[in-house]
Enquirer: 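My questions all concern the structure below.
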Amino acid sequence: MLDTENKVVGPGWQERVYGVVRRVQSGSVTTYGDVASVLGSPRVARHVGWALAALPEDSDVPWHRVINAKGTISFRGDTPRGMLQRALLEAEGVLFDERSRVDLKRLRWRYELS
DNA sequence: GGCTTGACGCTTA
DNA sequence: GTAAGCGCCAAGC
C-alpha cells in the first residue's frame, strides 16, 4: 500500500533507512541502492550512506552490512571505519576476495525476504 | 532563502 | 572487464 504522493524522502528519512538496515540478517549484506529501492526511490542511494554516516557507533543498526552496488566497501580501506566494517562482516562469515569485494550474488539480502 | 557537499547508481565509452 | 560522466536529493553552512 504505497501512496503515489508518499514521498520517500523527507522528514524522518534517516529513520526509514535505519528501519530497513536493522532487518538485514547477520551474515548477509545489502547495497545502498537496495535500501533506497525498498524506501521507494533507487535514486536516493546517496542518502542511505548519508544517513549511515550520521549513525552513532552505539546504535543497534548494522550499518556495516550496507555496501555499494559493486560489492565493495565505499569507504577507503585504510580508514578506521572501513576496516571496522570489514572486520565486522568477516566476524559474521562474510568473506572478502583479493579486491575486497563480497559475493553479492550469494550474500545479497532482500527486504521482502525477511 | 540559495549554494555546496556527499558511505552512490546507472549509462556510455 | 574497467573508467569517466551525469543525475539525484537531503543535510549543512
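Values below: every heavy atom of this structure, side chains too, minus hydrogens, waters and symmetry copies. Reminder, nothing fancy here: chain letters follow the sequence lines and each chain counts from 1.
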Enquirer: Does some side-chain heavy atom of A/W50 sit less than 4.5 Å from a side-chain heavy atom of A/V17?
Expert: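 They are not in side-chain contact.
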Enquirer: Where do A/S100 and A/R86 come nearest, in terms of heavy atoms and distance?
Expert: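 Taking A/S100 first and A/R86 second, the nearest heavy atoms are OG-NH1, 3.1 Å.
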Enquirer: Using a 4.0 Å cut-off on protein heavy atoms (strictly under), produce a 5'-to-3' string for nucleotides 6-13 of chain B with B for base contact, S for backbone-only sugar-phosphate contact, and - for none.
Expert: BBBS----
Enquirer: State whether the side chain of A/Y18 and the backbone N or O of A/A51 hold a donor-acceptor pair below 3.5 Å, judged by distance alone.
Expert: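 Answer holds: yes.
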Enquirer: Do A/Q85 side-chain atoms and A/V66 backbone N/O form a donor-acceptor pair below 3.5 Å?
Expert: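 At least one qualifying donor-acceptor pair exists.
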Enquirer: Hey, is the side chain of A/R16 poking within less than 4.0 Å of OP1 or OP2 on C/dA10, counting only N and O atoms?
Expert: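 Looking at the OP1 and OP2 atoms of C/dA10, neither is under 4.0 Å from any side-chain N or O of A/R16.
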Enquirer: What pair of heavy atoms forms the shortest contact from A/D34 to A/R108, and how long is it?
Expert: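 That would be OD2-NE, 2.6 Å.
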